[in-house]
Amino acid sequence: MTSALPAWTTLPRDFYQHHPTVVAPALLNKILVRDDGRAGRIVEVEAYAGDQDPAAHSFKGMTARTATMFGEAGHLYVYFTYGMHWGANAVCGEVGQGWGVLLRALAPLAGLDRIRAARPAIRRDRDLASGPGRLSQAMGITGALDGADLVTDDRGIRIVSDGTAPCPDPVIGPRIGISRAQEFPWRWHVPDDANVSVRPRRRLER
DNA sequence: TTGAGGATTCTC
DNA sequence: AGAATCCTCAAA
């Protein structure tokens, strides 16, 4: 019997030590894993690039909120917004750059009972983790996990590969929900994946 | 001390 | 289209 389930190998530090426009598409088809069995395949991401990027939290330099983003690559930057939602990023680049990749959507893969329990109002599975706030809620990510090391798995969250190739032909387009640098094509998602978040409704100009 | 705005989601 | 809901940061 030679066939076996492919091993889940944690992504190494140097996977993250590049520009977020490189790391972001490379993260498509990787798997976000919690130590309680919850896991989901990453199907939508966005890049944020520090002082090169007016839309990034880190654009104007480090603050108390963004300290993690300026730290070592491979850690989790978790932010709070709109008074109720958490967002999760993989820090990338070198220390001091403030670069990261926002995890925007997962295709739930394991621990579905726990994921559904974390999203009790949701009826369809494709709505469980389709959006940064939904993803964080589904996976139990809050500010308590800000700074967690995805490489050493020091706090029960990591990103692994199951051997699936990177998405060969991702959809590329503008980022969602930002007011500046809207023209940067720094969003990538797996084509036709039901879990990809959708812009609510484009506001008509004028 | 104040206030505007926010890497969103849900409901009406 | 509007509400919910509160933290962050710059400016006064």
Side-chain angles (χ1 to χ4, degrees), chain A residues 16 19-21 23-25 27-28 32 40 42-71 75-93 97-106 108 115-148 150 159 170-189 194-206:
Chain A
Y16 300 98
H19 196 272
T21 57
V23 178
L27 277 170
L28 293 177
L32 181 66
I42 297 168
V43 296
E44 179 185 350
V45 292
E46 288 176 356
Y48 288 90
D51 63 9
Q52 308 170 357
D53 180 6
H57 292 163
S58 48
F59 179 57
K60 293 181 180 174
M62 187 168 64
T63 65
R65 178 201 206 192
T66 60
T68 297
M69 216 178 162
F70 285 88
H75 289 249
L76 192 70
Y77 164 54
V78 182
Y79 66 91
F80 184 69
T81 192
Y82 292 106
M84 62 192 91
H85 299 298
W86 298 100
N89 303 250
V91 175
C92 49
Q97 289 176 310
W99 293 351
V101 174
L102 173 64
L103 306 178
R104 287 195 56 94
L106 302 178
I115 291 174
R116 293 191 189 105
R119 302 267 301 139
I122 293 313
R123 300 177 172 222
R124 303 174 304 187
D125 281 355
R126 68 181 189 225
D127 291 327
L128 288 171
S130 59
R134 292 168 165 188
L135 179 157
S136 294
Q137 192 175 357
M139 297 297 279
I141 297 170
T142 70
L145 285 180
D146 181 45
L150 298 166
I159 298 178
V171 176
I172 305 173
R175 294 171 291 181
I176 303 297
I178 54 173
S179 61
R180 297 178 295 182
Q182 293 176 338
E183 71 280 12
F184 289 21
W186 283 5
R187 175 182 187 235
W188 291 261
H189 69 79
N195 300 275
V196 169
S197 74
V198 182
R199 184 189 280 284
R201 177 165 312 202
R202 182 157 9 145
R203 174 167 297 185
L204 297 176
E205 306 293 326
R206 87 186 233 73

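The sequence lines fix the lettering, A, B, ..., with proteins before strands; numbering per chain opens at 1.
- Residue pairs meeting the salt bridge (Lys or Arg N to Asp or Glu O under 4.0 Å) criterion with at least one partner in residues 44-54 of chain A, sequence neighbours excluded, are A:E44-A:R104, A:E44-A:R187, A:E46-A:R104, A:D53-A:R175.
- The shortest side-chain heavy-atom distance between A:H189 and A:V45 does not fall under the 4.5 Å cut-off.
- Residues forming a ring pair (Phe, Tyr, Trp, His ring centres under 6.0 Å) with A:F184 (at least two apart in sequence, or on another chain): A:W186.
- Nucleotide B:dA7 holds its P atom 12 Å from the CD atom of A:Q182, rounded to whole Å.
- Between B:dC10, B:dA7, B:dT8, one nucleotide has an atom nearer to the side chain of A:H57 than all others, and that is B:dA7.
- Of all heavy-atom pairs spanning A:A88 and A:Y79, the tightest one is N-CE2, 4.3 Å.
- Checked by atom type and distance alone, the side chain of A:S136 pairs as donor or acceptor with a backbone atom of A:P132 at under 3.5 Å.
- Under the 3.5 Å distance criterion, the side-chain polar atoms of A:S130 are left unmatched by any main-chain donor or acceptor of A:S197.
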Are there any protein N/O atoms within less than 3.5 Å of an N/O atom in nucleotides 3-5 of chain C, and if so, which ones and at what distance?
residue : atom : partner : partner atom : Å
C:dT5   : O2   : A:Y82   : O            : 2.5

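- Partners of A:H57 under the side chain to side chain donor-acceptor pair (under 3.5 Å) rule, at least two apart in sequence or in another chain, are A:Y77.
- Taking 4.0 angstrom as the limit, A:R104 places a side-chain polar atom (N or O) nearer than this to OP1 or OP2 of B:dT8.
- Between A:S179 and B:dG6, a side-chain N or O to OP1/OP2 separation shorter than 4.0 Å is present.
- Taking atom CZ of residue A:R124 and atom P of nucleotide B:dC10, one finds them 11 Å apart after rounding to whole Å.
- Of the residues in residues 126-138 of chain A, those with a non-hydrogen atom less than 4.0 angstrom from any atom of DNA chain B are A:G131, A:P132, A:G133, A:R134.
- The CZ atom of A:F80 sits 11 Å away from the C1' atom of B:dT8 (whole-angstrom rounding).
- OP1 or OP2 of B:dC10 has not a single side-chain nitrogen or oxygen of A:R123 nearer than 4.0 Å.
- Among the protein residues, A:R180 comes within range of no part of the nucleic acid, since none of its heavy atoms lies under 4.0 Å from any strand.
- Atom CZ in A:R175 sits roughly 11 Å away from atom P in B:dT8 (whole-Å rounding).
- A:I178 comes within 4.0 angstrom of the backbone, heavy atoms only, and of no base.
- In this structure, A:I122 atom CD1 and B:dT9 atom C1' are separated by 9 Å, rounded to whole Å.
- Contact annotation: the side chain of A:T66 never approaches that of A:F59 to less than 4.5 Å [non-hydrogen atoms, C-beta and beyond].
- To the nearest angstrom, P of B:dT9 lies 13 Å from CD1 of A:I141.
- In terms of the ring pair (Phe, Tyr, Trp, His ring centres under 6.0 Å) criterion, residue partners of A:F80 (sequence neighbours excluded) are, by chain and number, A:W86.
- Nearest nucleotide to the A:I176 side chain, out of B:dG6, B:dT8, B:dA7: B:dT8.
- When the salt bridge (charged side-chain N to carboxylate O under 4.0 Å, His left out) test is applied to A:R180, no partner is found at least two apart in sequence or on another chain.
- Taking the side chain to side chain donor-acceptor pair (under 3.5 Å) definition, one finds that A:Q97 meets it with nothing, sequence neighbours left out.
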So what is the 5' to 3' dot-bracket string for DNA chain C, if pairs are Watson-Crick or G-U wobble with both distances under 3.5 Å, crossing pairs use [ ] and | means the partner sits on another strand? ||||.||||||.
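- One interatomic measurement links the two molecules: CD of A:E46 to P of B:dA7, which rounds to 11 Å at whole-angstrom precision.
- Every residue two or more places apart in sequence or in another chain was checked for a salt bridge (charged side-chain N to carboxylate O under 4.0 Å, His left out) with A:R123, and none qualifies.
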Please write out each protein N/O paired with an N/O of nucleotides 10-12 of chain C under 3.5 Å, distance rounded to 0.1 Å.
none

What donor-acceptor contacts under 3.5 angstrom involve side-chain atoms of residues 138-148 of chain A, with partners at least two apart or in another chain?
residue : atom : partner : partner atom : Å
A:T142  : OG1  : A:A144  : N            : 3.2
A:D146  : OD1  : A:T68   : OG1          : 3.2
A:D146  : OD1  : A:V78   : N            : 3.0
A:D146  : OD2  : A:T68   : OG1          : 3.0

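- Checked against A:I42 for a side chain to side chain contact (heavy atoms under 4.5 Å, CB included), the options A:N195, A:L106, A:L135 give a single hit: A:L106.
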